[in-house]
Every structure is written in structure tokens, then in C-alpha cells.
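Quick note: residue numbers are just sequence positions, from 1. Worth saying up front: this structure is predicted, and the values here are computed from it rather than measured. Whatever order the structure lists ligands and atoms in, that order sets their numbers, starting from 1.
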Amino acid sequence: MSITTVSTTPFSGQRPGTSGLRKKVTVFQQAHYLENFVQSVFDTLGDCSGKTLVVGGDGRFHNRVAVQTILRMAAAHGFARVLVGQGGILSTPAVSCVIRKHDALGGIVLSASHNPGGPDGDFGIKYNIANGGPAPESVTEAIYQRTESIREYRISDAADIDLNRIGAYRIEAMAVEVIDSVADYAELMQQLFDFDAIRKLFAGGFRMCFDGMSAVSGPYAKAIIEGQLGAPAGTVINAEPLEDFGGHHPDPNPVNAAQLIELMAAENAPDFGAASDGDGDRNMIVGRNFQVTPSDSLAVLAAHATLAPGYRAGLKGIARSMPTSQAADRVAEALGIPCFETPTGWKFFGNLLDAGKATLCGEESYGTGSDHIREKDGLWAVLFWLNLLAASGKSVEQLVSEHWARFGRNYYSRHDYEGVDAKGANELMASLRIKLATLPGQDLGHYVVALADDFEYTDPVDGSVSKQQGVRIVMSNGSRIVFRLSGTGTEGATLRVYLERYEADPAHHHLPTQQALYPLILIAEQVAGIAGWTGRAHPTVIT
Ligand code: G16
């Protein structure tokens, strides 16, 4: 074994987006592309002697190749030890859990999350810091700057290690431990939730369907839900992680998890349905013929959190991304705790969690989590719901309807215009920004604009400022329209339009969502000229 220094030249565009660097697999397959980025991460970290690194991914195509390369480079950089998931597999929440439990310096997550996989699909890489969470912008920006000037990287010529076999290996002076992908994570879940109560629920005939979407959550859900909680075999469907996710889009929303939605709407449907995404950090919650929005899910979990053993002491605060509905704000107000509004991106929650300012966090994009780790956590949210169902004896629909009756309902929907021309999308945003100053006080339909701005966030812990995080038009009654461009797509641009209407009166809580939001949908088109700028008369995905 020996370490060589390889000359290279920078690739343009290696700036991490909302969640790491995401590109087509074919881009990552170019010689030196992955190596340049990994060396830039290591150079940003500096001396890593004596330190531990965690490496794992969602099992998508290119995962194993990338893991072996990273191991050889970590050895060349002088890490003392790397913990890698068996088969190269670790869900994103599991990486966060393992980093924290084993006091690692950080971890590398290989995933493009909910983006499709396979040779023509997407791949991604993200660095997480010692708290287990995604690196903050100061770090990702330093990594990016490094990619712009990189001239060489260092790599060992060691042979591949056997990722399938749990055990200890060595590359150069570095120890490699192939670990059970599930064990540490499952142990943490047992500390947070009442497994006995959930076991009794299943023993009493409660039926559930968990859709692993042929992605990374399957092994975790099988081990915990079927193995430890005693749900019957077959409760977890699409349980085996496949390199191309079976050709499906591993995004747990009603459009992509159509099989689950159909099952939950059928006669004799299970009591509870759930799905997770490519890397296991997102979740969708479904009752019998009843879909729960991620924003409502966060609010319901917050309102009942003390039913779960890990949260019995109560919540310190709640944090949500700006476009997420304000349902959680009402719960925070009732509990007398703060509610923080952050830009989109889980990395913005890290400081709040580390500082003990927030306990639960959530995003409209099917992400929910807490201070148990520093990533959103799909299976955690599902277990939390199971705990609530077991402790309350109520159905999903009952819990949510009662919640609306108490707090009012925030009708909510996101309209995505995927893969549109980037120039048109940027011009749409620019023209909206120009209009902002003229909007307050204007009558739009039945609404009056109270506030129109481009969301800017000052982190209450470190004072860092993030600008241009989404254009929001807030009406005098709290209803809102938010426009922003996705930071996770790999083709053209994706325009996201977020619509929210508050309804206090329980007599109006059961309208179809798109109907309830129709006046706001018309205003969004009127103000932004979406069809004109994007050439699309309709969104590609509505969630
Ligand atoms: C990532 C981020 C989330 C964000 C989501 C959508 O999720 O971690 O915080 O809400 O992308 O971001 P955008 O609207 O910019 O596409 P994931 O699950 O893809 O890692």
C-alpha cells in the first residue's frame, strides 16, 4: 500500500446547494470529480490525525464506488478511523446518530435524497459536522472555494475492502470498521419512544403499511417495526434498497407514493400508513383515506409530544422553515414556547438545536425531526406517530381533526414547476422582487397584502445572515403565498409556490385543499406571471 498525490484541475460548479452537492451520476463518474470535492472537504477540515470519520449512503447507484474512493482518500489524509455502514449503507439520520454516538469529527453522506437514482439518475455528497448535522454555510462555502483552486489530491492505492462483512479492516495506518447499519439508530429510537405500548398496539391487531420506496429506510423499518415492535411480516413494503429505487422516484408524497395512497384509500385499509425517501430522512404520514400534510404533522407531534417518553419533559421551542405552514406557531403559542422561522434547509436548525432553543423542527418538504440528532428523521416521525396512536387510542384522522378544531386549520399546498428554463425562473423571481415595495396595502382578490418581502434570516445564535431565501406575500389575515427556487434540483430550475390559508371555523375545515386555496392560486399567477415566465400553465407536482 502506498499513498500517491494526483494532479488535478478544478471543476466549475462544485458549490453545495440546499443539501450538499447534487449532480447527475455521469457528472460524478468523470475522472477526479468526486476526488476533487472530497479533497476540498478534507483540506477545509485541516489536520485530521486521531479523528474519526463516518461514511455511508443511501445505496443508490455509484454508492459503493464512491465509498471505496473516500476510504482511500481518508487514509491518505490521516484519519485515525472510519466507521462505514455495512454495504456502504447508512440512512442520513443514521449517519447523524453514529457521528454523535461515536464522537466523530464528522461524516460524509452519499445521497441525492429523493432525486431518482440509477446510471442516468442523480448522485450527491454532503459533509456533516461533529454535531451530526449538515455543515453550515460558512463551511460549505469554504469547501466550494477550495474546489475552485484545487491542484492535487492524495489517495491510497489500497485494494477495495469487503463492505458486505461487518468487521475491522485497515487501509494504510487508518482503521476501518464496517458497522451494522441499523443497530445504533435502533438503540436511540428505543430511548425516545414507548416500544412496549406500540408492541401492544400491534399485538391488538393494529395494521400498518410502511413504504420503503425501495430505498434506504427498508432495512431500518423492517428491523424496528417488524423485528422489535412485532408488526406482521409484510408490514414494510418495497423494503429492499435498490440502486435505482426500482425506477421510482423515492420521494414520499402522495404523487410518488401512489401505491401506498391507493392502499390507504381502499376498503379494509390499514389503520396507519407511512413512507420514507431515498436516504430515510423524509416521511409521509397517512391515515385511513386521510393524508396528513407535513406542516400539520409537525404541529400535531408538538401538541402531543409529552406522550412520548423522550419528550416527557416538554419542548424548549419549535422551529420550522419559512415556507412551512404556521400551524406549529399556534401550538408554540399555546405551550408558551418560542417558534423559530428559518430558511429552507435542515442546516439552519443545527444552531437552534445545539443551543437548546428548539426541540422539534419541521419543514413542508416532508421533513420532521428533533434534537435527538441533527438531521430530519423519517422513521423517527413514524415511530412518534405510532407512539401517539398507541397512547391516545385515537385514529390519525381523529387526532388531526381534533387538532384543527382546537387550533384552526392551516390549509396548505405546494405547487412545483419542475425542470423549467433557469433563465425564465430567475427572471420571474427578479421581477417579483422589483414589485415587492408596491404590494403592501394592495387589494388582491378578497385579500389585502400586509407584507411583501424577500425573506432574510439572522441566525439568533451566531448572528450569520442569509439573504434572498424566498419571496413572501403575506395577507392581512395571515394567509400567504411564497415563491422560491429549489436548491436541490439537477436539471434547469424548479419553481416552488407555497400556498397557505388559515381557517378558524371548524364548519369550514373539510374542504378539498386545492378548492380552499383556489383564490390564492389565482393571485399567485396574477402577481408572478408564472405561465408567462415558465411556459407552464400548470404545476408538474402538487403536494
Ligand atoms: C433538502 C433539505 C431540506 C429542504 C429540501 C427541499 O431535503 O435538507 O431542508 O427542505 O431539500 O429543498 P429545495 O426546496 O431547495 O429543493 P433532502 O431530503 O433533499 O435532503
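- Note: Tyr185 and Tyr220 have perpendicular aromatic rings, judged against thresholds of 30 and 60 degrees for the angle between ring planes.
- No more than 12 heavy atoms of other residues, nucleotides or ligands sit less than 6.0 Å from atom CD of Glu240.
- Geometrically, ligand 1 and Arg496 share a nitrogen or oxygen pair separated by less than 3.5 Å.
- Only side-chain heavy atoms of Arg22 come within less than 4.0 Å of ligand 1; its backbone N, CA, C and O stay farther off.
- Proximity of Gly345 to ligand 1 is established by a heavy-atom distance of less than 4.0 Å.
- Between His415 and Arg496, the side chains place no donor N or O within less than 3.5 Å of an acceptor N or O (distance only, hydrogens not considered).
- Polar contact check, Gly487 against ligand 1: a nitrogen or oxygen pair lies under 3.5 Å apart.
- For the pair Arg536 and Tyr417, the NZ or CZ position fails the cation-pi test of under 6.0 Å to the six-membered ring centre and within 45 degrees of the ring normal.
- No part of Thr494 comes within 4.0 Å of ligand 1, judged by heavy-atom distances.
- Residue-ligand proximity, Glu363 to ligand 1, at heavy-atom distances under 4.0 Å covers atoms 3 (C), 4 (C), 9 (O), 10 (O).
- Under 3.5 Å, the side chains of Ser113 and Ser111 contain no donor-acceptor pair of N or O atoms.
- For Arg484, the heavy-atom gap to ligand 1 drops under 4.0 angstrom.
- Heavy atoms of Glu375 stay at 4.0 angstrom or farther from ligand 1.
- With hydrogens left out, the protein atom closest to atom 17 (P) of ligand 1 is Ser113 OG, 3.2 Å, a heavy atom.
- Annotation: atom 11 (O) of ligand 1 to nearest protein heavy atom, Thr488 CG2, 3.3 Å.
- Of all the atoms in ligand 1, the ones that sit under 4.0 Å from a non-hydrogen atom of Thr344 are 4 (C), 10 (O), 12 (O).
- Tyr498 and Tyr412 have tilted rings, their planes meeting at an angle from 30° to 60° on a 0 to 90° scale.
- For the pair Lys435 (side chain) and Val527 (backbone), a donor-acceptor distance under 3.5 Å is present.
- The protein heavy-atom contact nearest to atom 6 (C) of ligand 1 is Arg282 NH2, 3.8 Å.
- Gln526 places no side-chain N or O within 3.5 Å of a backbone atom of Ala524 that could act as its donor or acceptor partner.
- Contact annotation: for Ser19 versus ligand 1, heavy atoms closer than 4.0 Å belong to the side chain alone.
- Listed for the Glu500 side chain is a donor-acceptor partner under 3.5 Å among the backbone atoms of Gln326.
- Within the structure, the closest approach of Lys376 to ligand 1 falls below 4.0 Å when heavy atoms are considered.
- Any N or O atom pair closer than 3.5 Å counts here, and Arg414 shares no such pair with ligand 1.
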